[in-house]
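In what follows, a single structure is set out as structure tokens and then discussed.
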Amino acid sequence: MSSTFLNTPIEYLKSVGPQKAEVLKKELRIFKYSDLLAFYPFRYVDRTKFYKVKEINADLPFVQLRGKIVNTKMVGVKRTQRFVATFADETGTLELVWFQGAKWIAEKIKPHLTNEYIVFGRPSIFNGSFNISHPEIDLVSAENTTFASTLQAVYNSTEKLKSRSLDSKGIARLQKSLVMLIKKNIPETLSNSILERFQMLSREEAVKQIHFPQNPEMLKKAEFRLKFEELFFIQLKLLKQKGLREKTFRGFVFSKVGDYFNNFYNNYLPFQLTNAQKRVIKEIRLDMGSGKQMNRLLQGDVGSGKTLVALMNILICMDNGFQACLMAPTEILANQHFETISRLLKPLNINVGLLTGSKKVKERRLIHEQLQSGEMQILIGTHALLEDVVQFKNIGLVVIDEQHRFGVAQRAKMWNKNTQSPHMLIMSATPIPRTLAMTLYGDLDVSVIDELPPGRKPIQTVHRFDTHRDRVFGFMKDQIAIGRQIYVVYPLIKESEKMDYKDLMDGFESISRAFPLPKYNVSVVHGQMKADAKDYEMQRFIKGETNIMVATTVIEVGVDVPNASAMVIESAERFGLSQLHQLRGRVGRGAEQSYCILMTSFKLSHDGKLRMDTMVRTNDGFEIADVDLKLRGPGDMSGTIQSGVLDLNIADLAKDAQILHAARNMAIELLSEDPNLENPENSNIAYQFALTNNSRTNWSRIS
Ligand code: ADP
Ligand code: MG
């Protein structure tokens, strides 16, 4: 079934000579027919619609007009020479201007009382009135009535392409000559039953329609078909990997809930678990008892109590005779987890260790020994845990906190810490939109904590301009007077690190002046401090010895100081939405009313304003993530997550959630009926699947 047509080198296409071929390859990576066909338009202009001259405004990217030429003239000499034609309809007149080919066009276009022309182009303002330079212009005549009666595709182009006359129109011409060659030579990739179920166009029809749509309905159908197909094969791949992993890699069976868990649960649990926590603990427990190796993402908004969920499952792990570890992305966070967990487990007499980069060699050696002998039951730490010297006697569960900071490869390392891979629980507080999660983590099981512990009051967020700083300081003093603590956060962006550092230190100074000793104590923490100095300052704040913590985003993840009930974010317009949400999650952890004050300059971009408004409007992480996705697009959101699955050609995760759901459900259904794609009815799918999945990387082992 392999298609020789689709694999034809692009130079074979009529009017693509070696020079055009070269620039197509270099600029667009178009090597063969299939590549050109998959170079989809990025938008369409509606050539079915006609505007009147009077209706033209600056917001219209293109207009199509119908009327007469009432006057023409040649203006200027030599290089500045241009041809100007005055176009008129019953509502007004407009100038059409040609700088290039002026002579040639002057021959073609003459003022005429009855001849009608169709003009199409981009209006721009010149000397206070609209004109169109280099419009397309056609004479309306008896034999020429079919012109431009459809949606016209617009393609991205580049300077280099344009220099080979491959602007949008040039590319459209190539597409036209290629589409003319299509005749039952584009293989179908989906099964008949899927095509029927969704009333989809065949692949062949969809490809034709995406470039040359007959009408808006057909275009919609073509888009649906191609988006569905793209998302479907990604989901199929993720789900197949998951299935393969479950078949191939057996997991430790944690069959019982024993004394550690029960003792802690009945006697030492500091509060009632929320229903969401209970449900999720059970999901994880069942998964770890099932015989397959768990690969689970635990999603929960900041403050939802993920740590406790992790701890309860660590206790189950120990009940079954295994060791567990918890890895955090920063030293501060690792310390904090260590303290929380040591405190909670104190009555149970469990050996908990802490391993971070700043541990002395001697201490490390001791930890290594205790891990290997099995004496140390729980190890908490940073990526120092990944090092090969860190070997366990029998590790059964790896918990990774704040997953987005770790790369895929690092996680893969933890797989090899036992003869059989330990269970993996990945905790993320970045509420990524569901569409993104499905695509990025489509091969993981997901548990969601969708409920905050009781008694939390929603954080009140306000947006203030820099000019109101005095009033903000006044508010801070009131908060301190009633015993609260406050974070003041400054941006830290890699590219402007030096300037940010200066801003931070300036801010620290001005705050120290406004909040002087001995009445007030102010801490400062930033990235250029040594780990132990940072930790010392952090601890002072955690213990309540300082009233204000001035910091860069190092406090972004995980830090938990329930008495800190207010946060002031400086230059808030420089943060992304998800980061603002993360930061804000540092407050609102106690029972007190908490506040978040977003400070910006008066001048705000449209997006900046939207970000502030969104933060003020809602505390819902998923809602915020959705706005973020719409503002930034999925490519930018992946952050440190390495994943080719986001290179989508036509589907858009911000817009195509419904299609994604349909595609994923279809893939699930298909695999449950025909896990190996052996049914002849699915042969198209099997073939296409094999074709698209001969990539070198084997991600199947990586969660
Ligand atoms: P995150 O999900 O952001 O990691 P944490 O695990 O740090 O959240 O928990 C946030 C705070 O909520 C902590 O102070 C924790 O002790 C507290 N907490 C967790 N679960 C509950 C609960 N069920 N009831 C009351 N407080 C809880
Ligand atoms: Mg946490």
Side-chain angles (χ1 to χ4, degrees), residues 264-266 268-284 296-315 325-346 380-382 399-406 425-432 446-459 484-485 487 538 541-544 553-565 567 578-592 594 596 619-622 624-625:
F264 181 77
Y265 187 81
N266 295 324
Y268 302 109
L269 197 62
F271 24 60
Q272 279 248 287
L273 296 174
T274 62
N275 285 328
Q277 283 172 317
K278 282 186 200 160
R279 187 192 71 239
V280 162
I281 290 170
K282 188 171 166 195
E283 281 169 9
I284 298 169
R296 188 171 281 273
L297 176 70
L298 173 58
Q299 266 200 302
D301 215 336
V302 276
S304 60
K306 292 186 291 293
T307 315
L308 201 59
V309 168
L311 178 61
M312 303 298 287
N313 289 293
I314 286 174
L315 292 174
C325 74
L326 169 58
M327 186 158 77
T330 65
E331 193 141 348
I332 292 177
L333 248 188
N335 285 337
Q336 181 151 352
H337 278 315
F338 176 70
E339 255 142 50
T340 310
I341 288 176
S342 307
R343 179 165 41 81
L344 289 168
L345 296 186
K346 197 158 197 179
I380 293 166
T382 55
V399 182
I400 301 183
D401 195 14
E402 311 295 351
Q403 185 274 335
H404 64 295
R405 292 282 179 109
F406 289 101
L425 181 65
I426 293 155
M427 304 201 289
S428 172
T430 329
I432 51 177
V446 179
S447 290
V448 180
I449 310 183
D450 50 6
E451 182 186 357
L452 292 180
R456 299 270 174 85
K457 297 195 180 73
I459 303 163
R484 303 284 109 75
Q485 290 164 282
Y487 294 106
M538 235 14 252
F541 189 69
I542 291 168
K543 287 185 199 135
T553 42
V554 287
I555 60 158
E556 179 185 339
V557 275
V559 175
D560 188 24
V561 183
N563 189 47
S565 62
M567 171 174 288
S578 68
Q579 214 180 4
L580 286 172
H581 180 66
Q582 282 273 321
L583 280 168
R584 179 169 63 179
R586 297 307 110 213
V587 298
R589 305 198 138 222
E592 314 306 332
S594 297
C596 175
N619 279 307
D620 179 343
F622 282 105
I624 290 170

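Atoms within a ligand are numbered from 1 in the order they appear, just like the ligands themselves.
- The ligand atoms of ligand 1 that sit less than 4.0 angstrom from a heavy atom of Q272 are 22 (C), 23 (N), 24 (N).
- The ring-ring contact (aromatic ring centres under 6.0 Å, His included) check on Y265 picks up F261, with sequence neighbours excluded.
- Note: no N/O pair closer than 3.5 Å links P562 and ligand 1 by distance alone.
- The distance from ligand 1 to the heavy atoms of T307 drops below 4.0 Å at these ligand atoms: 4 (O), 5 (P), 6 (O), 7 (O).
- At least one N/O-N/O distance between G303 and ligand 1 falls below 3.5 Å.
- Within the listing of ligand 1, atoms 2 (O), 8 (O) sit less than 4.0 angstrom from a heavy atom of S304.
- Under a 4.0 Å criterion applied to the non-hydrogen atoms of T274, ligand 1 contributes the atoms 23 (N).
- Between atom 25 (C) of ligand 1 and the options G300, P454, P453, G585, the minimum heavy-atom separation is to P453.
- Listed for the N619 side chain is a donor-acceptor partner under 3.5 Å among the backbone atoms of I459.
- A side-chain N or O of E283 and one of S447 form a donor-acceptor pair less than 3.5 Å apart.
- Here the straight-line distance linking atom CD of Q336 with atom CD1 of I542 works out to 5.0 Å at 0.5 Å rounding.
- Judged by distance alone, the side chain of R484 and the main-chain N or O of E592 form no donor-acceptor pair under 3.5 Å.
- Looking only at distances, a side-chain donor or acceptor of Q277 sits under 3.5 Å from a matching main-chain atom of G305.
- The side chain of R456, and not its backbone, has at least one atom closer than 4.0 Å to an atom of ligand 1 (non-hydrogen atoms only; side chain from C-beta on).
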